[in-house]
Colleague: 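Before I ask anything, let me first share the structure, which is written out below as structure tokens.
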Amino acid sequence: MAHHDIPPRLPIPGRGAVALPELAGTLSVRDRDLADAERDFGGHVHRRPLAVAFPGTAVDVAALVRFGRTHRIPVVARGGGNSVDGQALVSGGIVIDMSTLGGVRPFDPDRISVDAGARWRAVVDATLRTGTVPPVLPDYLELSVGGLLSTGGFGGASHRFGSQADNVHDLDVVTPDGELVTCSPTGNADLFDAVRGTQGRHGIITRATVALTRAPSKVRRHRLTYHDLGAYLGDQRRLVDELRFDHVDGQAQFADGRWRFVLEAVSSQPQPIDDLRHDSAEIVEATYREFVDRIRPIEAQLRSAGSWYHPHPRANVLLPGTHAEKVLGDALAGLTPDLLGVGGSVLLYLFPTARVAAPHVPKARDRYTVLFGVQRTAPPGDLATLRRMREANAALHATARRLGGASYAYPLDATAAQAA
């Protein structure tokens with residue numbers, strides 16, 4: 001819990017100072033806290049709030065939303081600050097730092113109740129002690145539970161279990177009116193559907209009951225390399241349709257002047273790969289804990305190199321499978337190393353669209369949805385390159401939507417928002 005003096009009144013430009021609601025937590029107007037809250041991991045959007053709240057309970061979140069509504073002050077919820085386009089930033093409003101609501105409660109074999117500010121790493125640390133794990137996990141475990149559920153959340157197990165938002169039993173939500181409500185498929189179902197995948201437009205998630213499944217102790221990681229995009233996508237479709245592997249994802253990597261494609265297929269039991277059209281294969285064994293936290297050493301490397309702290313104007317789109325090969329081929333042909341940046345990467349994997357049941361989680365209008373993530377890193381201070389990257393991102397989002405796809409975790413027009 002952060003400990004800052006609560007100002008008795010909050011100065012609102014043009015309207016004077018207004019009395020604040022009583023809070024179990026704290027609210028800060030210190031320059032350091034405002035500076036931390038005016039940027040996210042993307043680092044290329046800056047908006048300075050009036051104040052930063054550190055709630056002690058979900059009731060505080062509701063009180064702050066009501067306060068903002070009464071005084072026409074925008075309120076946004078911030079999880080780990082990992083958004084890249086300013087989704088949890090607000091000018092002249094209140095940022096609710098959800099990290100102070102990070103509790104992980106005692107749990108049952110098939111479900112666990114966690115506060116929205118908890119990181120997925122904390123969830124995994126708790127559940128793996130009993131040999132269980134959420135069915136779908138993000139690649140990066142430092143994302144917050146509430147933030148990811150509010151965007152939908154995809155991972156390498158989405159071909160089996162859909163999005164993270166498809167694997168929750170119930171939610172506590174603060175509505176835009178400031179009411180704290182529990183919702184589920186059988187109670188307040190409209191709200192339950194509305195808040196999953198809509199980035200806080202219909203409420204701020206404060207707690208979630210997340211489904212659990214059995215976790216293996218060890219896995220076999222198959223890294224299959226392709227130089228032909230069509231063969232790569234064809235094998236991905238085959239593997240997700242056959243449910244041959246527990247986890248399927250992939251990347252495009254630029255090497256020796258051309259793009260190659262790496263399909264990662266993971267299982268707890270040996271699975272055949274001789275019938276696939278890869279050019280080379282590498283198979284390694286790992287503990288399941290090592291596998292789910294596979295991004296941690298990459299993060300450490302990027303932090304050490306400094307690029308972790310540079311601007312990250314990233315674009316994540318969901319393409320319809322019918323158009324994916326053409327769109328990907330064209331996009332990669334124009335994606336030069338300088339437009340990807342040092343430490344940048346390209347995510348590329350697909351899943352059957354029907355697996356995503358939550359009605360408002362973004363997806364393509366096609367049998368298959370292909371996630372294409374261009375994870376750019378801009379040189380610090382190079383405004384020309386940053387502008388070119390942002391223009392390329394905007395063009396990619398426009399292409400995806402025009403063809404029946406969707407933008408993923410893209411900024412929305414909202415007075416209440418929630419980001420991972």
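We count residues from 1, following the sequence as given. All figures in this text were calculated on a predicted structure; none of them were measured in a lab.
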Colleague: Do Leu319 and Leu328 have side-chain heavy atoms sitting under 4.5 Å apart?
Modeller: yes
Colleague: Looking only at non-hydrogen atoms, find the nearest pair between Pro138 and Gln164 and report the distance.
Modeller: N-NE2, 2.9 Å
Colleague: So, Ser28 side chain and Val52 main chain: donor-acceptor pair closer than 3.5 Å or not?
Modeller: no
Colleague: Does this structure show an ion pair linking Asp293 with Arg289, if we count only N-O contacts that are shorter than 4.0 Å?
Modeller: yes
Colleague: Taking atom types as modelled, is there a side-chain donor on Thr175 or Asp177 under 3.5 Å from an acceptor on the other?
Modeller: no
Colleague: With side chains defined as the heavy atoms from C-beta onward, is the minimum distance between Leu371 and Leu347 less than 4.5 Å?
Modeller: yes
Colleague: For side-chain contact (heavy atoms from CB on, under 4.5 Å), just list the numbers for Ile273 and His278, CA-CA rounded to whole Å, side-chain angles, deciding distance to a tenth of an Å, and then say yes or no.
Modeller: CA-CA 9 Å; Ile273 58 171; His278 54 278; 4.3 Å; yes
Colleague: Who are the salt bridge (Lys or Arg N to Asp or Glu O under 4.0 Å) partners of Asp249, not counting sequence neighbours?
Modeller: Arg294
Colleague: Please check if any side-chain donor atom of Arg244 sits under 3.5 Å from a side-chain acceptor atom of Ser267, or the reverse.
Modeller: no
Colleague: So do Ile298 and Tyr140 actually touch side chain to side chain, heavy atoms under 4.5 Å?
Modeller: no
Colleague: Out of the candidates Val370, Val356, Val240, Val248, only one should pair with Phe351 under the side-chain contact (heavy atoms from CB on, under 4.5 Å) rule; please name it.
Modeller: Val356
Colleague: Between Arg30 and Asp33, is the closest basic N to carboxylate O distance under 4.0 Å?
Modeller: yes
Colleague: Thr70 side chain to Arg66 main-chain N or O, any donor-acceptor pair under 3.5 Å?
Modeller: yes
Colleague: Does CD in Glu299 sit with more than 12 non-hydrogen atoms of other residues, nucleotides or ligands closer than 6.0 Å?
Modeller: yes
Colleague: Closest heavy-atom contact between His360 and Asp193?
Modeller: CD2-O, 3.3 Å
Colleague: Do Arg105 and Asp115 sit within salt-bridge range, that is, some charged N less than 4.0 Å from a carboxylate O?
Modeller: yes
Colleague: Find out whether Pro352 and His159 are in side-chain contact, i.e. whether some heavy atom of one side chain is under 4.5 Å from a heavy atom of the other.
Modeller: yes
Colleague: In Å, rounded to the nearest 0.5 Å, how long is the span from CZ of Arg296 to CZ of Arg121?
Modeller: 4.0 Å
Colleague: Indicate whether the side chain of Ser407 and that of His397 have a donor and an acceptor atom separated by less than 3.5 Å.
Modeller: yes
Colleague: If only side-chain N and O atoms count, and only distance matters, is there a donor-acceptor pair under 3.5 Å linking Glu264 with Tyr349?
Modeller: no
Colleague: Could you check whether any side-chain N or O of Thr353 sits under 3.5 Å from a backbone N or O of Asp366, counting only pairs where one atom can act as donor and the other as acceptor?
Modeller: yes
Colleague: Quick check for you: to the nearest 0.5 Å, what is the distance between Ser158 atom OG and His247 atom NE2?
Modeller: 9.5 Å
Colleague: As a test of understanding, state which of Val75, Ile96, Leu180, Val173 forms a side-chain contact (heavy atoms from CB on, under 4.5 Å) with Val61.
Modeller: Ile96
Colleague: So, the side chain of His46 versus the backbone of His44: is there a donor-acceptor pair under 3.5 Å, distance only?
Modeller: no
Colleague: Look at Asp279 together with Arg260 and state whether they make a salt bridge at an N to O cut-off of under 4.0 Å.
Modeller: no
Colleague: Is the count of non-hydrogen atoms from other residues, nucleotides or ligands lying under 6.0 Å from Asp190 atom CG greater than 12?
Modeller: no
Colleague: Charged N to carboxylate O below 4.0 Å: is that the case for Asp40 and Arg47?
Modeller: no
Colleague: Out of the candidates Thr132, Val114, Val104, only one should pair with Thr127 under the side-chain contact (heavy atoms from CB on, under 4.5 Å) rule; please name it.
Modeller: Thr132
Colleague: Does any N or O in the side chain of His222 come within less than 3.5 Å of the main-chain N or O of Ala265, such that one atom is a donor and the other an acceptor?
Modeller: yes
Colleague: Could you walk me through whether Thr385 and Asp338 pass side-chain contact (heavy atoms from CB on, under 4.5 Å), step by step?
Modeller: CA-CA 8 Å; Thr385 298; Asp338 65 308; 5.7 Å; no
Colleague: Tell me whether Asp228 contacts the main-chain N or O of Gly230 through its side chain, where contact means a donor paired with an acceptor under 3.5 Å.
Modeller: yes
Colleague: Is it true that Asp170 and Thr209 share a donor-acceptor pair across their side chains at a distance under 3.5 Å?
Modeller: yes
Colleague: Return the CG to NE2 distance between Asp85 and His312, rounded to the nearest 0.5 Å.
Modeller: 12.5 Å
Colleague: In Å, rounded to the nearest 0.5 Å, how long is the span from CZ of Arg314 to CZ of Arg376?
Modeller: 11.0 Å
Colleague: Look at the side chain of Asn188 and the backbone N and O of Thr182, then say whether any donor-acceptor pair between them is shorter than 3.5 Å.
Modeller: yes
Colleague: Applying ring pair (Phe, Tyr, Trp, His ring centres under 6.0 Å), name anything that partners Trp259, two or more places apart in sequence or on another chain.
Modeller: Phe254
Colleague: Please report the shortest heavy-atom distance between Gln253 and Val262, naming the atom on each side.
Modeller: OE1-CG2, 3.6 Å
Colleague: Evaluate the side-chain proximity of Phe161 to Asp166: yes if any heavy-atom separation is below 4.5 Å, no if none is.
Modeller: no
Colleague: Would you tell me whether Asn393 and Tyr410 have side-chain atoms, one donor and one acceptor, within less than 3.5 Å of each other?
Modeller: no
Colleague: What heavy-atom pair brings Ser113 and Arg207 nearest, and what distance separates the two atoms?
Modeller: OG-NH1, 3.0 Å
Colleague: Going from CZ on Phe41 to OH on Tyr309, what distance comes out if it is rounded to the nearest 0.5 angstrom?
Modeller: 10.0 Å
Colleague: Give the C-alpha distance, both sets of side-chain angles, the deciding distance and a yes or no for side-chain contact (heavy atoms from CB on, under 4.5 Å) between Tyr368 and Leu233.
Modeller: CA-CA 11 Å; Tyr368 297 99; Leu233 291 172; over 6 Å; no
Colleague: Which label fits Tyr226 and Tyr232: parallel for a plane angle under 30°, tilted from 30 to 60°, or perpendicular past 60°?
Modeller: perpendicular
Colleague: Tell me the closest heavy-atom pair linking Val133 and Leu128, and the distance in Å.
Modeller: CB-CD2, 4.4 Å
Colleague: Would you say the side chain of Val123 lies within less than 4.5 Å of the side chain of Val210, judging by non-hydrogen atoms?
Modeller: no
Colleague: Applying side-chain contact (heavy atoms from CB on, under 4.5 Å), run through Val95 and Val90 and close with a yes or a no.
Modeller: CA-CA 7 Å; Val95 171; Val90 62; 3.7 Å; yes
Colleague: Quick check: do Phe372 and Leu396 have side-chain heavy atoms less than 4.5 Å from each other?
Modeller: yes
Colleague: Looking at Arg277, is its backbone amide N or carbonyl O close enough to the side chain of Asp235 to form a donor-acceptor pair, meaning the two atoms are under 3.5 Å apart?
Modeller: yes
Colleague: Taking side chain as C-beta onward, heavy atoms only, is Pro362 less than 4.5 Å from Thr369?
Modeller: no
Colleague: Taking the side chain from Asn167 and the backbone from Ser163, do they hold a donor-acceptor pair closer than 3.5 Å?
Modeller: yes
Colleague: So does Ala165 get a backbone contact from the side chain of Arg196, meaning a donor-acceptor N/O pair under 3.5 Å?
Modeller: yes
Colleague: For residues Asn316 and Gly373, report the shortest heavy-atom separation together with the two atoms involved.
Modeller: OD1-CA, 3.2 Å
Colleague: Calculate, to the nearest 0.5 Å, the distance between atoms CG and CD belonging to Leu276 and Gln271 respectively.
Modeller: 11.0 Å
